[in-house]
*Asks:* 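Pasting in a structure now, in structure tokens, and then I'll have a few things to ask.
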Amino acid sequence: MGCQTWVEKLGTYLDGELASGDERALREHLRGCAACAADTLERLQTKRAIQSAGLRFVPDPAFRARIQNNLAGAARPARRSWQWFPVLASVAAVLVVAALFATYNRDRMRERQLTSELLDLHVATLASSSPVDVVSTDRHTVKPWFAGKIPFTFNLPDLDGTPFTLVGGRVSYLHQSPGAELIFRVRQHQVSVFIFQERAVEGIRWQETSLTQLSFGIRSWSRNGLHYFVIGDVSGDDLDKLSNLLKGSA
Amino acid sequence: MDVSERGVVSQSFEELALPLLDRLYNFAHWLTQDRSEAEDLVQETFAKALKGFASFQPGTNFRAWMYRILRNTFLTSRTGLKSATVPLELEDETLPATTNTPESILLDRLDQEQVRRALDELPVPYREILLLCEVEEMSYQEISSTLAIPMGTVMSRLSRARRALRESVRGSQRS
């Protein structure tokens, strides 16, 4: 089958709706066809972008409470008027829980979007033919290169005797804020370290986080007004080691 | 129906429907593009669904049922009637393939804000099917039952909607 036939099936494939025989054949084709593989990657990025852009609106806590109340009212037989106190108390409790839940949900949503954006940045670096703007294994070259390009400074660890090498760095942007992206190599894998000012991730209560998404591991923490993200397809152990080296030098 | 029996029925409606509230609201807000209209739409959906819950077939897809009620309610609203007049291209015409070189991918890195704007500007039939597929992660079967269209139309409309979105994002990147 020619590419034309496959291109028509790519969307169905990424939606997980292709028959298993077709799916096997398509995978086989993607291994050998750069154009279709590139198309697949773009479609995947579009899918992810819609996913995170689409989760956008959260109901107002008061509105949520109203709906819950309506349903609860329908579920229970009519109350006598002297029972008003427990009703009010439960409404208040519902409001408090709803408000907390909405905040929690909003945070989760922002967190998911942010993770997605950072993954995109990392994947774009991997796919790029010139992934770094300053090519150097020397931390004393890389760090000064950022001076004047980003509105903060940071320290880089000494990597002697560790499995990590510094490949270089580039300026990256998150929510219109400039930051540093450092690329490290460990056993043929590339790991991106993003450093942004905390206000670039404002509104999200990031604590020390480690999570896995699409088989990429992520570590994240805040220090001295800067937020660090370590992203790569290496073992959690390697991510932890690199994170500790960075924390040690900050 | 006595009180305790009604209690049981409503209780299970509450259990089924409340977890969907956030997502239904998100979907409603995207459709109406207005907070208070979205709230009215969700409230009416819950009221209709509660009233019609006796006719809901247990074991069939409750989520698709709720989305169908919400969408039908939207289509009969003032904003919905306006949006329904957007003409769709013929659904059965085959799509020309677009090919991409690896270099074009980086140029096409999708900006959240651009995607939001593009989604906002898409005609409702495209916007809703993308949301059901990508955000709600519904299967084609569920989408078919929510929108009351055949599976073949689900696939062709999705493919058109994605193309329209990509073109809109590219257009905004160029300008």
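Each chain gets a letter, A, B and so on, in the order its sequence line appears, and its residues count up from 1.
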*Asks:* Is the Lys NZ or Arg CZ of B/Arg127 less than 6.0 Å from the centre of B/Trp30's six-membered ring, within 45° of the axis?
*Replies:*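 No cation-pi geometry.
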*Asks:* In terms of heavy-atom proximity below 4.5 Å to chain B, should A/Leu55 be classed as side chain, backbone, both, or neither?
*Replies:*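 Both backbone and side chain of A/Leu55 come within 4.5 Å of chain B.
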*Asks:* Could you check whether the rings of B/Phe62 and B/Trp65 sit parallel, tilted or perpendicular, using 30° and 60° as the cut-offs?
*Replies:*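 Plane angle between 30° and 60°, so tilted.
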*Asks:* Using the ring of each side chain (for Trp, its six-membered ring), is A/His29 parallel, tilted or perpendicular to A/Trp6, with breaks at 30° and 60°?
*Replies:*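 A/His29 vs A/Trp6 ring planes: parallel.
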*Asks:* Where does B/Leu158 contact chain A at under 4.5 Å (heavy atoms): side chain, backbone, both or neither?
*Replies:*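 Side chain only.
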*Asks:* Given that the side chain runs from C-beta out, which part of B/Arg116 has a heavy atom under 4.5 Å from chain A: side chain, backbone, both or neither?
*Replies:*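 It is both, since atoms from each part get that close.
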*Asks:* Please name the residue in the list B/Lys48, B/Glu44, B/Arg68, B/Gln43 that meets the side-chain hydrogen bond (donor to acceptor under 3.5 Å, both in side chains) test with B/Thr73.
*Replies:*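 It is B/Lys48, the one option of B/Lys48, B/Glu44, B/Arg68, B/Gln43 that forms the side-chain hydrogen bond (donor to acceptor under 3.5 Å, both in side chains) with B/Thr73.
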*Asks:* Between B/Gln141, B/Glu137, B/Arg35, which has the largest tally of heavy atom pairs under 4.5 Å with chain A?
*Replies:*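 Among B/Gln141, B/Glu137, B/Arg35, the one with the most close pairs to chain A is B/Arg35.
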*Asks:* Quick one: list whatever passes side-chain hydrogen bond (donor to acceptor under 3.5 Å, both in side chains) with A/Ser192, sequence neighbours left out.
*Replies:*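 With sequence neighbours excluded, A/Ser192 shows a side-chain hydrogen bond (donor to acceptor under 3.5 Å, both in side chains) to A/His122, A/Glu181, given in chain and number order.
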*Asks:* Where on A/Arg66 is there a heavy atom nearer than 4.5 Å to chain B: the side chain, the backbone, both, or neither?
*Replies:*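 Only the side chain of A/Arg66 comes within 4.5 Å of chain B.
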*Asks:* Please flag which part of B/Phe46 lies under 4.5 Å from any non-hydrogen atom of chain A: side chain, backbone, both or neither.
*Replies:*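 When you check distances to chain A, only side chain atoms of B/Phe46 fall under 4.5 Å.
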